[in-house]
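Contents: one structure, followed by commentary.
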Amino acid sequence: MNFPLLIARRYLFAKRSTNAINIITGISVFGIAIGTAALLLVLSVFNGFEDLLSGLFGHFNPQVKITAAKGKTFAPDSLVLSRLRSLPGVLLVSETLEEIAFFEFDGSQDFGVLKGVDDLFARVNDIDSTVREGKYQLSIDDRNCAVLGAGMRNKLSINTESATEAMAVYMPTDEARGVLDKPFKTRFLYPAGTFAIQQDFDNQYVLTNLAFMREILAVPPGTVSALEVKCKPGAGVAAVKKQLRETMGEGYTIKDSYEQNEAFFKVMQLEKWMGFAITSLMLILMAFNTIGALWMIVLDKQKDISVLKSMGATDRMVHRIFLLEGLLLTLLGMGIGLLLAVGLYAVQKTYGIITIPQGFLVESYPIAMRIADFVPVIATVIGIGLLAALPPAQRAVRVPSFLREE
């Protein structure tokens, strides 16, 4: 075994001259353990929220979305649609068409986004599983129906379970020519259900059938604002995007689920690493306990250091001994902290002991531990531990040998 490492290991578990040194060392190890566990759990909680919101977005946004690079709409021909649906990695392709509209119901009014969808839309994203009131129904016999986001339902004061009146939809039109002509087209939808996914969707979207949307917009048959794609199980999204790009050619934007909400996920990542940085500052404060513990060990082992120097140990070797001593203290605390974090993660994942106030989508804090997060946590803890060991190691180098004293 490396000689400095052997001495450092002996000092780590050796008996101290005073019990206070053992207490200070124990506090140092405990502080590192708590800091390590906090770092890993902070990242895991942010991961949990990210996974939760990604799942919620998946109930509205598709795995892959195709839109026109220029303009709001495009009209893919039947041959292109047939080729898209026959691609190896594609399971379903849904046609959608959306536009901003003005809604009115029983005196309540608000703007929102009216989105016309086909029969495959619910199979692409399972949005029917998010319906909280009424049914996911976009037409009944000859009546056009609507499924509203929970926020739109509240703003329009609609009770979808007992609504008998129709909701008025006002859409701007270019057909008005005279002064008395109305600058908008009016149609009616019957509220059938309410979905609850995430505020960005709930507060602005109203879903209806695609035929109604094309009629109110007065666009040619086949016009869409997006083609929404669901991949086959096991198919790589990147590979499917490549296939779609080759099939569609130029002039189209193809985005996966991350790219459709890129701004949101970037903010989530920023918040995650800001939380990590703030927790790291707490660990830096705890590192002063490590400095104090190592400094006390140096003072306690001055006689041993002098003997080692008298026997030929160089200043560099003494310096390495106490750097390794600091590293061992850090590794001991870090190991305990990692085990503590994994244990708390398992308990929270299984029993949900830390709950969230009522009104949120889940009852307890979501948490997801990722192997990749261990790397920055371990690197940060070891780096802080080594920095904390530098001042005591420099102090140990200044201890004189017996030969110099003589």
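Numbers for residues simply follow the sequence, beginning at 1.
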Are the side chains of Ile382 and Leu331 in contact, using a 4.5 Å heavy-atom criterion? yes

Using only heavy-atom distances, determine whether the side chains of Thr355 and Ser364 contain a donor-acceptor pair under 3.5 Å. no

Output field: ring centroids Tyr205/Phe60 closer than 6.0 Å: yes

Side-chain donor-acceptor contact under 3.5 Å, Ser139 with Asn209: no

For the ring pair Tyr170 and Phe103, is the centre-to-centre distance below 6.0 Å? no

Got Asn261 and Ser257 here, is their nearest side-chain heavy-atom distance under 4.5 Å? no

Would Asn125 and Asn61 count as having a side-chain donor-acceptor pair, cut-off 3.5 Å? no

When you measure from the side chain of Arg214 to the backbone of Thr223, do you find a donor-acceptor pair of N or O atoms at a distance under 3.5 Å? yes

Would you check if the distance from the ring center of Phe276 to the ring center of Phe46 is below 6.0 Å? no

Going by heavy atoms in the side chains, are Val381 and Leu283 under 4.5 Å from each other? yes

Contacts of type salt bridge (charged side-chain N to carboxylate O under 4.0 Å, His left out), residue Asp256, not counting sequence neighbours: Lys241

Between Phe212 and Leu114, is any pair of side-chain heavy atoms under 4.5 Å apart? yes

Check whether any side-chain heavy atom of Lys115 lies under 4.5 Å from a side-chain heavy atom of Glu99, and answer yes or no. no

Could you tell me whether Ile100 atom CD1 has more than 12 heavy atoms of other residues or ligands within 6.0 Å of it? no

By salt bridge (charged side-chain N to carboxylate O under 4.0 Å, His left out), which residues pair with Glu271, not counting sequence neighbours? none

So, does Thr208 use its side chain to make a donor-acceptor pair with the main chain of Cys145 at under 3.5 Å? yes

Flag the pair Phe121 / Ile127 as yes when at least one side-chain heavy-atom distance between them is below 4.5 Å, and no otherwise. yes

More than 12 foreign heavy atoms under 6.0 Å from CD of Gln199: is that the case here? no

Heavy-atom count around Lys232 NZ within 6.0 Å, excluding the residue itself: above 12? yes

I'd like to know whether Glu228 forms a side chain to side chain donor-acceptor pair (under 3.5 Å) with Gln63, so could you lay out the CA-CA distance, the side-chain angles of the two residues, the decisive distance to 0.1 Å, and finally the verdict. CA-CA 8 Å; Glu228 306 195 5; Gln63 289 178 289; over 6 Å; no

Checking Lys272 against Asn47: is there a side-chain donor and acceptor pair closer than 3.5 Å? yes

Check: Gln204 side chain, Asp200 main-chain N or O, donor-acceptor pair, under 3.5 Å: yes

Less than 4.5 Å apart, any side-chain heavy atom of Val113 and any of Val206? no

Between the main-chain N or O of Ile367 and the side-chain N or O of Lys349, is there a donor-acceptor pair closer than 3.5 Å? yes

